[in-house]
Amino acid sequence: MLQLSEMPLRASELIKALEKRSAGAGGLVTFTGQVRPEAKSGSVSSLFLQAYSPMTENGIESAIAEAQCRWPLTAVSVAHRIGEMLPGDTIVFVGTASAHRRAAFEAADFLMDYLKTEAIFWKRESTSSGTNWIEPRAEDYSDASRWTEHK
Amino acid sequence: MLQLSEMPLRASELIKALEKRSAGAGGLVTFTGQVRPEAKSGSVSSLFLQAYSPMTENGIESAIAEAQCRWPLTAVSVAHRIGEMLPGDTIVFVGTASAHRRAAFEAADFLMDYLKTEAIFWKRESTSSGTNWIEPRAEDYSDASRWTEHK
Amino acid sequence: MTKLLYFGRLSDITGSAEETLTLPQDVSTAGELRAYLDLRFEAGGALLEPTVRIAVNNELCFDDMSLAGAEEIAFMPPVGGG
Amino acid sequence: MTKLLYFGRLSDITGSAEETLTLPQDVSTAGELRAYLDLRFEAGGALLEPTVRIAVNNELCFDDMSLAGAEEIAFMPPVGGG
């Protein structure tokens with residue numbers, strides 16, 4: 001289940017919905033990412049996230065399908081905030097449910113790597129020293145490349 | 001923060017509390033484990049979990065301290081159900097917060113491995129074919145041994 | 001008339017995220033459109049960078065792709081992730 | 001008087017999870033207590049298994065550990081995790 005939202009995301013509600021859909025799965029892993037208050041260029045006043053529908057959704061749906069193909073998952077939830085947001089706001093929520101603990105961990109990790117590097121989003125940060133568009137960090141690319149080695 | 005509880009655990013409330021304590025951490029990983037409806041010996045009617053206080057708490061606190069030493073964590077939450085519970089009930093909740101996504105994932109994974117193999121709990125399953133005490137699966141031991149190779 | 005979209009930092013150069021344009025007669029491929037727009041916006045090559053990908057009708061394409069039938073053309077700089 | 005605790009499957013053998021006992025004169029180590037109780041409960045060696053660990057006053061110990069000052073002694077079969 002995928003949701004792009006201009007409204008605030010609440011991890012507590014998203015985990016509750018996932019629990020309902022995965023009843024009896026055994027294990028459930030979530031990742032919640034929040035807007036950081038500090039950036040390289042100073043303290044963050046706001047963050048703007050731009051998507052390109054339906055390419056953004058299609059790309060994330062493909063990553064979810066790949067995760068479901070690689071790991072035995074009983075439910076997946078991806079929610080991503082778009083538009084204008086503030087430090088501390090939840091920007092992304094990923095949840096995976098599986099009878100196998102390891103599968104749930106790896107699938108959540110895999111989806112986050114996709115979302116941090118390949119997902120179609122453009123990000124503009126406003127800090128005390130101005131406004132800039134941000135491109136992926138080298139660290140994010142190397143995390144994502146872990147998954148292609150096993151292909 | 002560690003809590004052993006005879007009352008039902010709610011992941012939605014636990015994640016909300018962790019979010020508050022880790023404000024601005026960047027990333028937050030949770031694992032929620034539920035009592036499975038099916039066991040090798042048939043369908044599960046109930047599960048009983050026994051702890052030995054304060055040894056159980058001391059052991060988990062040491063694992064939390066080790067996780068905090070290995071990874072840069074801003075908050076950790078471990079809640080474990082004890083006593084009598086039903087299929088679908090949440091048996092364990094682990095949450096880790098860090099500025100580094102990878103650290104949050106690895107620390108949650110590490111704590112779950114500890115809880116599944118070394119934590120001082122005895123588990124009795126009641127199924128359609130009777131009642132038995134359960135000891136760890138070989139799979140759990142091999143998961144836990146991943147962490148000592150790196151020592 | 002074709003809808004053009006400029007994402008991320010490109011909209012700082014083009015001045016807007018979206019415009020509707022009748023493509024000039026001598027622009028028939030994605031690559032020719034890049035060159036035309038780069039000059040028009042005095043972008044100094046920003047639209048020519050190979051990391052800026054072009055999507056025609058929601059499909060990524062190479063520069064030799066024909067623009068016949070193009071209703072929406074997007075200029076996409078490297079994505080920043082979520 | 002010493003408090004004895006039998007965890008997990010051991011309580012099925014001993015019939016209860018907890019009892020209070022005056023240790024016999026000839027039982028002065030953890031190992032001697034194992035042997036004494038295994039006979040007393042007709043446990044057929046279940047209390048002698050090396051995987052059954054003994055904790056004295058909340059500290060795991062070896063079989064040669066003296067029981068002088070022991071207030072609480074726990075018999076702990078392999079833990080099952082959560």
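Within every chain, numbering begins at 1; the chains are lettered A, B, ... in the order of the sequence lines, protein sequences first and strands thereafter.
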* In terms of heavy-atom proximity below 4.5 Å to chain D, should B/Ile91 be classed as side chain, backbone, both, or neither? -> side chain
* Heavy-atom contact with chain B under 4.5 Å, split by part of D/Ser11 -> side chain
* Once the angle between the rings of B/Phe48 and B/Trp133 is folded into 0 to 90°, is it parallel (under 30°), tilted (30 to 60°) or perpendicular (over 60°)? -> perpendicular
* Asked: Checking side chain to side chain contact (heavy atoms under 4.5 Å, CB included) against B/Glu66, which of B/Trp71, B/Tyr114, B/Phe110 comes through?
  -> B/Phe110
* For atom CZ of B/Arg10, is the number of surrounding heavy atoms from other residues, nucleotides or ligands below 6.0 Å larger than 12? -> no
* Which atoms of B/Thr56 come close to chain D, meaning under 4.5 Å heavy atom to heavy atom: side chain ones, backbone ones, both, or neither? -> neither
* Grab the two heavy atoms, one from D/Asp38 and one from D/Ala46, that are nearest each other, plus how far apart they are. => OD1-N, 3.2 Å
